[in-house]
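Notes follow the structure.
Worth knowing before you read on, the calculation uses all heavy atoms, side chains too, and leaves out hydrogens, waters and symmetry mates. A note on names: the letters A, B, ... follow the listed sequences, proteins ahead of strands, and every chain is numbered from 1.
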Number of protein chains: 2
Amino acid sequence: MNHKPLLDYINKYINLTVEEETILISKVVLRNYLKDQYISQQGDICKSANFIISGCTKTFHVDMAGQEHIVMFSVEDWWTSDLGSFISQTPADFNVQCIENTQLIQFTYDNLEALYTALPKLERLFRKIIERAFIASQKRIIRNFSLTAKERYLIFKEAYSEIEQRVPQYMIASYLGITKEFLSKIKSQIIHNQ
Amino acid sequence: MNHKPLLDYINKYINLTVEEETILISKVVLRNYLKDQYISQQGDICKSANFIISGCTKTFHVDMAGQEHIVMFSVEDWWTSDLGSFISQTPADFNVQCIENTQLIQFTYDNLEALYTALPKLERLFRKIIERAFIASQKRIIRNFSLTAKERYLIFKEAYSEIEQRVPQYMIASYLGITKEFLSKIKSQIIHNQ
DNA sequence: AATAAATGTTAATCTAGTTTAACATCATTT
DNA sequence: AAATGATGTTAAACTAGATTAACATTTATT
């Protein structure tokens with residue numbers, strides 16, 4: 001099937017033997033979602049941790065006023081899930097929705113727990129992955145406090161230029177924590193270099 | 001010495017034998033810092049991961065305008081360090097400073113790496129600790145986007161009432177991402193219930 | 001090709017939170 | 001007890017970004 005991207009990714013963190021790779025592959029499922037389909041929904045228990053082979057997802061929270069707030073976009077070679085819901089098997093705070101047709105490799109909760117036992121090396125892998133995610137999240141909090149919306153947009157553009165091409169602007173505004181109208185204004189300011 | 005709080009804490013996540021506890025203790029150092037002392041400084045490489053036995057620290061970033069932004073407070077039974085700097089041994093984005101006299105247990109980078117090899121169980125421990133930290137961080141991003149400053153303050157008060165008692169108000173304002181003057185205004189609004 | 005739906009822009013008005021600055025209170029040191 | 005420094009309050013003027021609403025452009029559907 002199409003597990004190579006996952007195995008290549010894992011081998012950047014830890015080394016698996018061919019037998020270990022076989023065990024791992026036996027416990028995962030390859031799935032296809034269409035654009036707009038939900039992988040996981042706010043209020044439900046998030047059933048899988050997902051590694052993206054192709055496509056793009058957004059992870060977002062709908063607040064009490066009905067407003068969407070995007071916490072992350074995920075593309076090829078990234079993970080997507082509501083981690084809080086997944087690890088504690090409690091109702092999710094976030095929706096995970098495909099914004100392109102998306103192919104991913106799913107780890108269910110029980111299968112991942114079984115894999116941790118069968119392949120203790122995976123503890124290290126996921127420790128390292130989550131360390132990085134946590135660090136990025138802390139830095140984002142600081143950027144949100146210390147930078148203006150324009151500065152944050154320019155950093156986003158620089159860091160995730162491919163994502164910017166693939167995603168409608170009103171979603172980028174949501175990710176940056178501003179309205180689509182204000183992002184529009186920022187872009188026109190940049191064009192007329194003010 | 002005074003390792004019991006750390007061992008009790010660890011035993012909530014994983015079970016260590018007495019021999020394993022001995023190995024762990026042999027690789028850590030108990031240290032005392034005075035109020036206002038820095039455990040780690042922005043620009044330096046963060047040399048330790050620290051478990052707090054007693055006291056309180058703040059982790060903050062100083063931006064280009066010289067403004068302080070607090071990302072977290074840490075008290076007894078929590079960890080404190082610039083994780084990004086620590087795990088990649090690169091210059092820190094954050095300062096970690098004691099806001100009370102603080103006693104803590106330090107894991108240096110090399111000792112922690114050695115411990116991961118000697119006691120692979122610790123990978124699971126730190127995986128779980130960081131999972132929780134990441135989840136809290138993601139939720140905070142959403143709260144910062146979807147709630148007003150007053151709502152965020154009330155949630156902080158509810159969740160961390162003991163910290164509120166121990167820390168000056170201007171630091172709480174910094175943690176909430178607002179000015180001390182505006183926090184003052186919010187508090188007076190709450191008193192006169194508006 | 002025409003229509004509808006989704007996405008993006010512009011501009012006026014409004015507001016949550018900042019800035020500045022003066023003053024008040026509390027704690028610590030001499 | 002006085003003096004100094006740290007912390008907290010109040011109020012007026014200001015601004016980054018939100019809201020509303022009308023319109024423009026692009027994309028998808030018939």
Side-chain angles (χ1 to χ4, degrees), chain A residues 34-37 56 58 60 63-70 73 97-101 141-157 163-194, chain B residues 34-37 56 58 60 63-70 73 97-101 141-157 163-194:
Chain A
L34 293 174
K35 182 178 175 187
D36 296 338
Q37 261 191 300
C56 183
K58 60 173 173 172
F60 64 102
D63 69 22
M64 287 187 316
Q67 279 238 307
E68 269 194 37
H69 301 278
I70 297 177
F73 297 110
Q97 188 181 17
C98 298
I99 48 188
E100 295 176 2
N101 292 345
I141 289 173
I142 290 300
R143 282 199 302 269
N144 289 344
F145 281 163
S146 61
L147 302 180
T148 63
K150 190 198 247 177
E151 290 167 328
R152 280 181 274 142
Y153 170 62
L154 291 170
I155 288 172
F156 173 83
K157 229 173 132 67
I163 292 183
E164 201 196 1
Q165 309 312 312
R166 291 165 72 167
V167 166
Q169 239 165 73
Y170 68 87
M171 290 188 194
I172 291 168
S174 170
Y175 175 85
L176 293 172
I178 59 178
T179 58
K180 58 189 181 3
E181 292 84 356
F182 193 58
L183 179 53
S184 216
K185 193 172 182 178
I186 286 170
K187 292 187 82 174
S188 100
Q189 277 176 12
I190 290 168
I191 291 165
H192 307 95
N193 52 269
Q194 298 162 216
Chain B
L34 294 173
K35 182 178 174 188
D36 297 337
Q37 261 192 299
C56 182
K58 60 174 173 171
F60 65 102
D63 70 20
M64 287 188 314
Q67 279 237 309
E68 270 194 38
H69 302 278
I70 296 177
F73 297 109
Q97 187 180 17
C98 297
I99 49 189
E100 295 175 4
N101 291 345
I141 289 172
I142 290 301
R143 283 199 302 270
N144 290 342
F145 281 162
S146 62
L147 303 180
T148 63
K150 190 197 247 176
E151 291 167 326
R152 280 181 274 142
Y153 170 64
L154 290 170
I155 288 172
F156 173 82
K157 230 173 131 66
I163 292 182
E164 202 196 0
Q165 309 312 313
R166 290 165 72 168
V167 165
Q169 240 166 71
Y170 70 88
M171 290 188 195
I172 292 168
S174 170
Y175 176 86
L176 294 172
I178 59 177
T179 59
K180 59 189 182 2
E181 292 84 358
F182 193 57
L183 179 53
S184 215
K185 193 172 180 177
I186 286 170
K187 292 188 80 175
S188 98
Q189 278 175 9
I190 290 168
I191 290 167
H192 307 95
N193 53 270
Q194 295 160 219

Euclidean distance, atom [atom1] of residue [X] to atom [atom2] of [N] [Å, nearest integer]:
X        : N      : atom1 : atom2 : answer
A:Gln165 : C:dG8  : CD    : P     : 12 Å
A:Asp36  : C:dA5  : CG    : C1'   : 13 Å
B:Ile186 : C:dG17 : CD1   : C1'   : 9 Å
A:Lys180 : C:dT10 : NZ    : C1'   : 12 Å
A:Lys185 : C:dC14 : NZ    : C1'   : 12 Å
B:Tyr153 : C:dG17 : OH    : C1'   : 17 Å
B:Glu181 : C:dA16 : CD    : P     : 18 Å
A:Phe182 : C:dT13 : CZ    : C1'   : 15 Å

Heavy atoms of chain B, cut-off under 4.0 Å: which first and last nucleotide of DNA chain D, 5' to 3', fall inside that, if you could look? D:dT7 to D:dT10

Where A:Cys98 and A:Leu34 come nearest, the two heavy atoms and their spacing: CB-O, 3.6 Å

Can you tell me how far OG of B:Ser188 sits from CG of B:Leu183, rounded to the nearest 0.5 angstrom? 10.5 Å

Rounded distance [0.5 Å steps], CZ in A:Arg143 versus CG in B:Asp63: 13.5 Å

Side chain of A:Ser188, heavy atoms from C-beta onward: which of C:dT20, C:dG17, C:dT10 has the nearest atom to it? C:dT10

For residues 167-179 of chain A, which residues have at least one heavy atom under 4.0 Å from DNA chain D? A:Gly177, A:Ile178, A:Thr179

Heavy-atom donor-acceptor pair, B:Ser174 side chain to B:Glu68 backbone, under 3.5 Å: yes

Distance-only, no hydrogens or angles: does the A:Gln97 side chain make a donor-acceptor pair with backbone N or O of A:Asp36 under 3.5 Å? yes

Verdict with reasoning, B:Asn144 to A:Asn144, per side chain to side chain contact (heavy atoms under 4.5 Å, CB included): CA-CA 9 Å; B:Asn144 290 342; A:Asn144 289 344; 5.8 Å; no

Is there side-chain contact between B:Ile99 and B:Phe73, with at least one heavy-atom pair below 4.5 Å? yes

Can you tell if the side chain of B:Ile163 reaches within under 4.5 Å of the side chain of B:Phe156, non-hydrogen atoms only? yes

Is there a side chain to side chain contact (heavy atoms under 4.5 Å, CB included) between B:Lys157 and B:Tyr153? Walk through the geometry before answering. CA-CA 6 Å; B:Lys157 230 173 131 66; B:Tyr153 170 64; 3.6 Å; yes

